[in-house]
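By convention in this document, chain letters (A, B, ...) are assigned in the order of the sequence lines, proteins followed by strands, and residues within each chain are numbered from 1.
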2 protein chains.
Amino acid sequence: MGLTKAEEFTKAQNELASIAKALGHPARIAILQFLIKTKACVCGDIVDQLPLSQSTVSQHLSELKKAGLIKGDIEGPSVCYCIDEKNWSKASKVLLELFQSYKGNSCC
Amino acid sequence: MGLTKAEEFTKAQNELASIAKALGHPARIAILQFLIKTKACVCGDIVDQLPLSQSTVSQHLSELKKAGLIKGDIEGPSVCYCIDEKNWSKASKVLLELFQSYKGNSCC
DNA sequence: ACCTTTAATCGTAATATTACGATAATGTGA
DNA sequence: TCACATTATCGTAATATTACGATTAAAGGT
């Protein structure tokens, strides 16, 4: 059906999944890496860095924004995107918690 | 198009994205948490724990397996699933690297 | 006011995902 | 060998995602 039964899972599970989902595309990884690398929050040069059209990049940016990983400030005619510091560390925390909750005793 | 231009991105970016993609569904988060909690690698009781049909759970399991996060050993008529220890820590590492590469100086 | 630049949105097409029931495959025990 | 239990796979339908070009919207400069 393509329709996730989100209501059947906990809020924490849905939050974790939506963070991971936002990271689940190479273009969005590339965007994040570029935003991190160029410390100044560059705007639409992201488009120049990626092998994708302007509209596609804009869609990816809005998904990252929806997940809270980045934020965008209007700066004159262009928009300045950067990592959302607070949510970034929260995302890092919940992901790390999942990975660290496994203490390593697989039986197979 | 629904077709990701994977070849346009680096191997590392694609790997990171595919790990994140596998984590990008609440049912798969729930499965992993259940596998971690019940230290013995339970098999098909996963189906009983989730509000999804057997075939749907099987599909989620095979996606987690495809991403390398879990592995399954045939044990009699049933299959024993558990965290793939080696890949789990690798996944943890690459994700952590991404998050830690941001040192925190957002300008907006 | 007009044009240019920048970025979001709309319309669209192709493909992927999610989900289910039904069916097939595999292994155990009678 | 024959039923039974367990799990994977097939067929399917509905919805989501990815991507592009074209259009719109917003801000600045002339």
Side-chain angles (χ1 to χ4, degrees), chain A residues 1-9 13-14 17-31 34-35 40-67 70-82 108, chain B residues 1-9 13-14 17-31 34-35 40-67 70-82 108:
Chain A
M1 295 178 185
L3 205 170
T4 293
K5 288 185 156 184
E7 68 286 357
E8 305 274 9
F9 300 97
Q13 286 167 339
N14 278 297
S18 88
I19 291 164
K21 195 176 183 181
L23 298 172
H25 195 289
R28 291 195 286 269
I29 296 291
I31 288 172
F34 185 65
L35 283 180
C41 26
V42 276
C43 334
D45 343 66
I46 302 170
V47 176
D48 301 331
Q49 294 291 317
L50 296 185
L52 298 171
S53 74
Q54 180 266 321
S55 58
T56 302
V57 172
S58 187
Q59 268 184 73
H60 283 305
L61 285 169
S62 82
E63 282 193 61
L64 287 169
K65 202 157 71 176
K66 201 181 66 185
I70 65 173
K71 55 185 176 174
D73 267 16
I74 296 168
E75 201 156 286
S78 59
V79 175
C80 173
Y81 280 104
C82 63
C108 47
Chain B
M1 295 179 186
L3 206 170
T4 293
K5 288 186 156 182
E7 69 284 357
E8 305 274 10
F9 300 97
Q13 286 166 339
N14 278 297
S18 87
I19 290 165
K21 196 175 181 181
L23 297 173
H25 193 289
R28 292 196 285 271
I29 296 291
I31 288 172
F34 185 65
L35 284 180
C41 27
V42 278
C43 334
D45 344 63
I46 302 168
V47 176
D48 301 331
Q49 295 290 318
L50 296 185
L52 299 170
S53 75
Q54 180 267 320
S55 57
T56 302
V57 171
S58 187
Q59 268 185 72
H60 282 304
L61 285 169
S62 83
E63 281 193 61
L64 287 169
K65 201 157 72 174
K66 201 181 69 187
I70 65 172
K71 55 184 176 174
D73 267 17
I74 295 168
E75 200 156 287
S78 58
V79 175
C80 173
Y81 280 104
C82 62
C108 47

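Listed by chain and number, the residues in a side chain to side chain donor-acceptor pair (under 3.5 Å) with Gln13(B) are Gln33(A), Thr10(B) (sequence neighbours excluded). Remark: Asp45(A) engages Val42(A), Asp48(A) in a side-chain contact (heavy atoms from CB on, under 4.5 Å) (not counting sequence neighbours). The side-chain contact (heavy atoms from CB on, under 4.5 Å) test applied to Gln54(A) returns Val47(A), Ser58(A), not counting sequence neighbours. Every side-chain contact (heavy atoms from CB on, under 4.5 Å) that Glu8(B) has, sequence neighbours left out, goes to Pro51(A), Lys5(B). Listed by chain and residue number, Cys43(B) satisfy the side-chain contact (heavy atoms from CB on, under 4.5 Å) test with Ser78(B) (two or more places apart in sequence, or in another chain). In this structure Ser53(B) satisfies the side chain to side chain donor-acceptor pair (under 3.5 Å) test together with Ser55(B), Thr56(B), sequence neighbours excluded.
The distance from atom CD1 of Ile46(B) to atom C1' of dA8(D) is 14 Å, rounded to the nearest whole Å. Straight-line distance from the CD atom of Glu75(B) to the P atom of dT26(C): 19 Å, rounded to whole Å. Here the P atom of nucleotide dA16(D) and the NE2 atom of His60(A) are 18 Å apart, to the nearest Å. Nucleotide dC20(D) holds its P atom 11 Å from the CG atom of Leu50(A), rounded to whole Å. Per the geometry, CD1 belonging to Ile74(A) stands 10 Å off P belonging to dG28(D), to the nearest Å. To the nearest angstrom, P of dA8(D) lies 15 Å from NZ of Lys66(B). The CG atom of Leu3(B) sits 5 Å away from the P atom of dA16(C) (whole-angstrom rounding). Atom C1' of nucleotide dA27(D) and atom CG of Asp73(A) are separated by 15 Å, given to the nearest angstrom.
Asn14(A) places a side-chain N or O within 3.5 Å of a backbone atom of Ala6(A) that can act as its donor or acceptor partner.
Between Leu50(B) and Ile31(B), the closest side-chain pair of non-hydrogen atoms falls below 4.5 Å.
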Review item, nucleotides 5-11 of chain C N/O atoms under 3.5 Å of protein N/O:
| residue | atom | partner | partner atom | Å |
| --- | --- | --- | --- | --- |
| dA7(C) | OP1 | Gly44(A) | N | 3.1 |
| dA7(C) | OP1 | Val79(A) | N | 3.2 |
| dA8(C) | OP1 | Tyr81(A) | OH | 2.2 |
| dA8(C) | OP2 | Ser58(A) | OG | 2.8 |
| dA8(C) | N7 | Gln54(A) | NE2 | 2.7 |
| dA8(C) | N6 | Gln54(A) | OE1 | 2.9 |

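Map Leu52(A) and Gly2(A) each onto its nearest nucleotide of DNA chain D; the residue landing nearer the 5' end is Gly2(A).
Sorted by first and then second residue, the salt bridge (charged side-chain N to carboxylate O under 4.0 Å, His left out) pairs with a member in residues 21-30 of chain A read Arg28(A)-Glu63(A); sequence neighbours excluded.
Within residues 20-30 of chain B, the residues that place at least one heavy atom under 4.0 Å from DNA chain C are, in residue-number order, Lys21(B), His25(B), Arg28(B).
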